[in-house]
Visitor: 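Quick one: this structure, given as structure tokens, is what I'll be asking you about.
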There are 2 protein chains.
Amino acid sequence: MVTIQPSSCPSGDEKVQLFALLLETNARLARQLGLELEAACETPLAWFEVLLQLRQAPEGRLKMNQVADAIVHSSGGTTRLVDRLEIAGLVERRSCPNDRRATYVAITPEGDARLDRALAVHLDYLERHLGTRLSGDERETLSTLLEKLNTAS
Amino acid sequence: MVTIQPSSCPSGDEKVQLFALLLETNARLARQLGLELEAACETPLAWFEVLLQLRQAPEGRLKMNQVADAIVHSSGGTTRLVDRLEIAGLVERRSCPNDRRATYVAITPEGDARLDRALAVHLDYLERHLGTRLSGDERETLSTLLEKLNTAS
DNA sequence: GACAAGTTATTGCATAAGCAACTATACTAG
DNA sequence: CTAGTATAGTTGCTTATGCAATAACTTGTC
């Protein structure tokens with residue numbers, strides 16, 4: 001089953017399709033989760049991602065550039081994102097004794113509480129979208145494959 | 001192997017990790033491809049996505065809302081994206097005889113040529129990132145799993 | 001110890017994207 | 001036919017993001 005190809009170039013290539021599918025799937029899932037988080041928690045997806053990364057980090061804190069890397073944002077974008085989280089009281093900046101250029105971003109108790117609420121929404125969302133559509137084995141397989149794709153370029 | 005969990009909520013949940021991995025992988029791949037496309041072609045990833053969808057569509061055209069859906073953008077965002085593509089001459093708007101509310105977005109010869117150039121970059125990129133990291137079987141599996149995730153909510 | 005080069009975070013600026021309000025057109029029921 | 005409702009696309013406005021330039025600091029080398 002091949003679509004009509006008005007041009008010569010292999011736009012129907014298997015890898016091209018796979019990549020397009022990855023983009024589309026991710027965009028749909030992220031959009032929907034974002035809407036639900038926003039509606040139920042006033043918590044944008046980006047905030048949720050930061051809070052989650054911080055909780056998973058030892059001592060609930062990461063350096064600025066580690067946050068940027070973890071959520072795959074630019075350095076400048078992360079600075080402003082953390083600004084907003086800090087204004088909301090969910091996160092705080094702390095100086096780093098060893099390296100005075102660096103600043104830690106640490107989750108606050110309020111951030112922790114917010115993350116709990118957001119996680120409840122997220123888990124419900126995941127149950128509906130991952131739980132029902134993929135089996136445990138399939139999720140594991142998917143995880144393995146994504147990890148292979150995620151290795152440093 | 002479990003990370004320290006300062007809080008009670010299951011942030012280490014298997015599905016949560018999988019979702020985070022999906023976001024991260026997608027973001028990394030998209031960012032890198034975007035940079036390469038921009039550098040080699042002056043073609044933002046979003047433009048590439050639109051052009052690709054148009055080429056794959058019958059007669060090289062889609063209605064506005066089909067474009068929006070295909071690339072998972074809002075309606076308003078798609079309008080402006082198509083504006084920019086039209087200004088660049090890669091796409092043109094055409095009226096729809098049956099429904100005077102609708103407008104077609106059609107790829108132009110210039111758009112087709114641009115897409116060819118971008119596809120060359122993309123294929124090279126894919127070879128490096130998909131080709132070397134996943135086998136054909138693995139890519140097929142990934143494709144199947146993503147399709148399951150991509151079904152309408 | 002001083003200078004060069006690298007690293008960390010922040011800022012100015014430009015752009016892209018979403019939402020909500022609006023216009024124009026199509027469809028449905030009576 | 002008309003009224004009401006739904007749909008397609010555009011626009012105003014706000015916000016989020018990236019890039020490039022900058023400032024503060026560290027590291028390595030001589």
Side-chain angles (χ1 to χ4, degrees), chain A residues 23-24 26-39 42-50 61-88 90-106, chain B residues 23-24 26-39 42-50 61-88 90-106:
Chain A
L23 287 181
E24 185 186 345
N26 181 81
R28 277 192 209 294
L29 294 175
R31 164 173 303 237
Q32 188 141 7
L33 175 59
L35 288 173
E36 293 190 18
L37 281 175
E38 195 81 62
E42 274 104 45
T43 307
L45 179 54
W47 291 24
F48 174 70
E49 285 188 74
V50 173
R61 66 179 194 189
L62 288 171
K63 290 184 187 165
M64 211 67 201
N65 58 15
Q66 296 178 302
V67 175
D69 183 65
I71 63 174
V72 195
H73 273 221
S74 70
S75 172
T78 305
T79 289
R80 307 264 220 309
L81 177 54
V82 169
D83 285 348
R84 296 190 291 273
L85 278 157
E86 196 168 26
I87 288 169
L90 306 180
V91 132
E92 69 183 16
R93 272 174 238 245
R94 293 188 197 153
S95 57
C96 173
N98 307 332
D99 187 342
R100 292 170 55 203
R101 293 167 303 182
T103 75
Y104 281 119
V105 184
Chain B
L23 286 182
E24 185 185 347
N26 181 82
R28 275 193 212 293
L29 293 176
R31 166 173 301 239
Q32 189 143 7
L33 174 60
L35 287 173
E36 292 190 19
L37 281 174
E38 195 81 60
E42 275 103 45
T43 306
L45 179 54
W47 291 24
F48 174 69
E49 285 189 74
V50 172
R61 65 178 194 187
L62 289 171
K63 290 184 188 165
M64 212 67 201
N65 59 15
Q66 296 177 304
V67 175
D69 183 66
I71 64 174
V72 196
H73 273 221
S74 71
S75 173
T78 306
T79 290
R80 302 236 241 263
L81 177 54
V82 168
D83 285 348
R84 296 190 291 273
L85 278 156
E86 196 169 26
I87 288 168
L90 306 181
V91 132
E92 70 184 14
R93 273 176 237 245
R94 292 188 197 153
S95 58
C96 172
N98 307 333
D99 187 343
R100 293 171 53 204
R101 295 167 303 181
T103 74
Y104 281 119
V105 184

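Naming convention: chains lettered A, B, ... in sequence-line order (proteins, then strands); numbering from 1 in each chain.
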Visitor: To the nearest angstrom, how far is A:Asp69 atom CG from C:dA9 atom C1'?
Guide: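 So the CG-C1' distance, A:Asp69 to C:dA9, works out to 15 Å.
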Visitor: Which whole-number value in Å describes the distance from A:Leu81 CG to C:dT11 P?
Guide: 15 Å
Visitor: What integer distance in Å separates A:Asn98:CG from D:dT27:C1'?
Guide: 14 Å
Visitor: Bend across the helix from C:dG1-D:dC30 to C:dG30-D:dC1, to 10°, with axes taken over 5 pairs at each end?
Guide: 30°
Visitor: Ignoring backbone atoms, establish whether B:Arg31 has a side-chain N or O less than 4.0 Å from OP1 or OP2 of D:dT17.
Guide: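 Checking B:Arg31 against D:dT17: no side-chain N or O falls below 4.0 Å of OP1 or OP2.
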Visitor: Can you list everything that forms a side chain to side chain donor-acceptor pair (under 3.5 Å) with B:Asn65? Sequence neighbours excluded, please.
Guide: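 B:Asn65 satisfies side chain to side chain donor-acceptor pair (under 3.5 Å) with no residue once adjacent residues are dropped.
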Visitor: Given side chains that start at C-beta, do those of A:Phe48 and A:Leu45 come closer than 4.5 Å, heavy atoms only?
Guide: yes
Visitor: Once you apply a heavy-atom cut-off of 4.0 Å, does A:Ile71 come out as touching a base, just sugar-phosphate, or nothing?
Guide: nothing
Visitor: Just so I know, are the side chains of A:Leu33 and A:Leu37 near enough to count as touching, which here means a heavy-atom distance under 4.5 Å?
Guide: yes
Visitor: How close or far is atom P of C:dA9 from atom CZ of A:Arg94, stated in whole angstroms?
Guide: 15 Å
Visitor: Which residues satisfy the salt bridge (Lys or Arg N to Asp or Glu O under 4.0 Å) test with B:Glu36, sequence neighbours excluded?
Guide: B:Arg128
Visitor: With B:Arg84, which residues qualify under side chain to side chain donor-acceptor pair (under 3.5 Å), at least two apart?
Guide: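 Once residues adjacent in sequence are excluded, B:Arg84 has no partner under the side chain to side chain donor-acceptor pair (under 3.5 Å) criterion.
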Visitor: Report the residues that fulfil side chain to side chain donor-acceptor pair (under 3.5 Å) with B:Thr79, sequence neighbours left out, ordered by chain and then residue number.
Guide: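 For B:Thr79, no residue satisfies side chain to side chain donor-acceptor pair (under 3.5 Å) once neighbours in sequence are set aside.
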Visitor: Can you name the side chain to side chain donor-acceptor pair (under 3.5 Å) partners of A:Glu42, sequence neighbours left out?
Guide: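 In terms of side chain to side chain donor-acceptor pair (under 3.5 Å), with neighbours along the sequence ignored, A:Glu42 is linked to no residue.
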Visitor: Quickly work out the B:Leu45 CG to D:dT17 P distance and round it to whole Å.
Guide: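 Distance, rounded to whole Å: 17 Å.
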Visitor: Considering only nitrogen or oxygen atoms on both sides, find all protein atoms under 3.5 Å from nucleotides 14-16 of chain D and state each distance.
Guide:
none

Visitor: Could you pull out all residues at least two apart from A:Arg31 that satisfy salt bridge (Lys or Arg N to Asp or Glu O under 4.0 Å)?
Guide: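 In terms of salt bridge (Lys or Arg N to Asp or Glu O under 4.0 Å), with neighbours along the sequence ignored, A:Arg31 is linked to no residue.
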Visitor: Report the residues that fulfil side-chain contact (heavy atoms from CB on, under 4.5 Å) with A:Ala102, sequence neighbours left out, ordered by chain and then residue number.
Guide: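 Result, side-chain contact (heavy atoms from CB on, under 4.5 Å) vs A:Ala102: A:Lys63, A:Cys96, A:Asp99.
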Visitor: Which residues pass the salt bridge (Lys or Arg N to Asp or Glu O under 4.0 Å) test with A:Glu24, sequence neighbours left out?
Guide: A:Arg28
Visitor: Check salt bridge (Lys or Arg N to Asp or Glu O under 4.0 Å) between B:Glu92 and all other residues, then give those that pass, not counting sequence neighbours.
Guide: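 By the salt bridge (Lys or Arg N to Asp or Glu O under 4.0 Å) rule, B:Glu92 matches B:Arg94.
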Visitor: How does protein contact run along nucleotides 2-10 of chain D, one letter per nucleotide 5' to 3', with B for base contact, S for sugar-phosphate only, - for none, heavy atoms under 4.0 Å?
Guide: ----BBSBB
